[in-house]
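Working notes, beginning with the structure itself.
Every heavy atom of this structure was used, including side-chain atoms; hydrogens, water molecules and symmetry mates were not. Being a predicted model, the structure only gives us computed values, none of them experimental.
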Amino acid sequence: MEKKMIIRGVAILCAGISASVFATNHLSGNAAKAVGSNPSERHAQSSQVMGASLVGNGAKLQFGTKPTADIPAQSETGIADTEFAALDESGANTTQLDIAPLVLNAMEFASNLELAEGQSAPDSAACSPSLTSAPMVDGLIELMLDAPCHSDTRLVISHNDLAFSAYTSDDGSFSAFLPALSVDAKVDVFLSDDIFLQTELTIPDADDHLRIALQWNGEARFSLHAYHDGAQHGDTGHVHALKPFDSDLDEAFLISLGEVRGPEPMIAEIYSIPVGLSGKSRVEVELQFTEEQCAQDVSAFISDNGDSANTHLKEIVFAVPECPAQPGMVVMGVEFAPQHVALSQ
């Protein structure tokens, strides 16, 4: 059990590093200034706002795209700023021509032309990205990407209806722990808009865990919260991005995924609890809004692993009050899948 807890802690720590700045700004600090540091005060303010709703089944996420940098312009010859020898009336050279720059520029132009036409560079084998995965404790997937020629490059990772964006490190690597949403699991990675990688594996204990996933685009201040054994906001049994464990129920945890930077950031938070213990838990989604969002509809997506063959993706829409509006919070309860409720009773 001790080894299992260590692995679980490492998984959540790795996920938390990429989300810590976002969570700190939105769940404390700036958020506290906006809605008050007292938990009762924060929830009192939420009663001023109504308008959270569910919109249908089967909604699909729109993957963001990253503009591809233009290939540097070349002249028709690929040779720039080169002075050709002029001929006098007798046909003799009047200027001595240094051929070395011509050769170098021609070679560079040929190399760029090959790459532009999709031909392989001489070291393309060393640049080929690879994606591997492995099953871990608690129905987790360990995902590992090695893309040595794609440093600090945007990724979109997709598993069932779950999707989030991230970036490779300086050496082109990326790793994460994903809560499996099905026994037969597939994970897709979209790298730099033109490379697609996929890995498949079996997670035998995936159906032993209830998973609730919240995901959204942009910099909206959404967060997922779970409360165990009747706990209230701020109690020991309150689990969220800054407190992903419950010391009295260590089998339950929350993992944050995604990075809030670059074009169209995609963020996700996944709460996990053994199916047999789900009766001890209630889950809520919070949206903290600012004056700039007044009179707007702010949406996110929520899904679960209620059916291993098909997760249930729904869009949730929060209607922010008309302008002028003070900063506040909207809270929405999340219902568990019926089969999970039956198993927990």
Side-chain angles (χ1 to χ4, degrees), residues 11 15 18-19 52-65 131 133 135 138-143 145 154-166 176-191 196-203 205-218 220 222-226 241 253-259 264-273 275 278 283-285 287 298-318 332-341:
S18 63
S53 63
L54 287 175
V55 180
N57 293 323
K60 296 298 180 182
L61 290 175
Q62 298 295 321
F63 291 127
T65 58
L131 180 67
S133 60
D138 293 327
L140 293 172
I141 301 170
E142 183 181 17
L143 189 69
L145 172 69
R154 185 177 187 264
L155 308 169
V156 173
I157 298 94
S158 173
H159 167 50
N160 289 22
D161 282 323
L162 174 68
F164 62 95
S165 63
F177 289 88
L178 281 64
L181 300 178
S182 57
V183 172
D184 297 320
K186 293 182 180 180
V187 181
D188 299 332
V189 174
F190 300 85
L191 172 64
F196 169 77
L197 302 169
Q198 185 179 80
T199 180
E200 300 183 17
L201 71 166
T202 299
I203 308 295
D205 58 341
D207 286 344
D208 296 338
H209 303 267
L210 166 65
R211 266 76 198 256
I212 302 291
L214 173 70
Q215 54 194 312
W216 66 94
N217 294 352
F222 284 105
S223 56
L224 195 60
H225 297 255
F253 54 89
L254 187 143
I255 286 182
S256 301
L257 298 167
E259 293 187 50
E264 301 182 45
M266 305 167 66
I267 312 301
E269 293 184 358
I270 304 96
Y271 169 69
S272 178
I273 187 172
V275 170
S278 60
V283 179
E284 294 179 344
V285 176
L287 168 67
V298 185
S299 63
F301 293 86
I302 194 160
S303 59
D304 59 52
N305 63 331
D307 182 349
S308 60
N310 180 30
T311 55
H312 305 281
L313 185 68
K314 296 185 177 77
E315 183 180 15
I316 54 176
V317 180
F318 293 87
M332 180 186 201
V334 177
E335 295 183 359
F336 294 156
Q339 60 267 45
H340 285 157
V341 174

Could you work out, with side chain to side chain contact (heavy atoms under 4.5 Å, CB included) as the rule, every residue matching [X], not counting sequence neighbours?
X: Ala226; value: His228, Val239, Tyr271, Ser281, Val283
X: Ser133; value: Ile141, Leu143, Thr199, Leu201
X: Asp188; value: Ser158, Phe190, Phe196, Gln198
X: Ala300; value: Leu214, Trp216, Phe222, Ile316

Taking every non-hydrogen atom, the tightest pair across [X] and [Y]:
X: Ala268; Y: Ala163; value: CB-O, 4.3 Å
X: Thr202; Y: Pro135; value: O-CB, 4.0 Å
X: Leu162; Y: Ala213; value: CD1-CB, 4.2 Å
X: Leu131; Y: Val189; value: CD2-CG2, 3.8 Å
X: Leu257; Y: Phe177; value: CD2-O, 4.0 Å
X: Glu269; Y: Ala241; value: OE2-CB, 3.8 Å

Any side-chain heavy-atom pair of [X] and [Y] under 4.5 Å:
X: Asp184; Y: Glu200; result: no
X: Leu178; Y: Ile157; result: yes
X: Val275; Y: Asp208; result: no
X: Val285; Y: Leu224; result: yes
X: Leu313; Y: Gln215; result: yes
X: Leu210; Y: Asn305; result: yes
X: His159; Y: Ser182; result: yes
X: Ser165; Y: Glu264; result: no

Gap separating the [atom1] atom of [X] from the [atom2] atom of [Y], nearest 0.5 angstrom:
X: Glu315; Y: Phe301; atom1: CD; atom2: CZ; value: 4.5 Å
X: Asn160; Y: Ser303; atom1: CG; atom2: OG; value: 8.5 Å
X: Asp161; Y: Ile302; atom1: CG; atom2: CD1; value: 12.5 Å
X: Lys314; Y: Ser299; atom1: NZ; atom2: OG; value: 15.5 Å

For a side-chain contact (heavy atoms from CB on, under 4.5 Å) check, start with the C-alpha distance between Ile270 and Phe164, then their side-chain angles and the critical distance, and finish with the verdict.
CA-CA 11 Å; Ile270 304 96; Phe164 62 95; over 6 Å; no
With sequence neighbours left out, what residues match Ser272 under side chain to side chain donor-acceptor pair (under 3.5 Å)?
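For Ser272, the residues satisfying side chain to side chain donor-acceptor pair (under 3.5 Å) (neighbours in sequence not counted) are Arg211.
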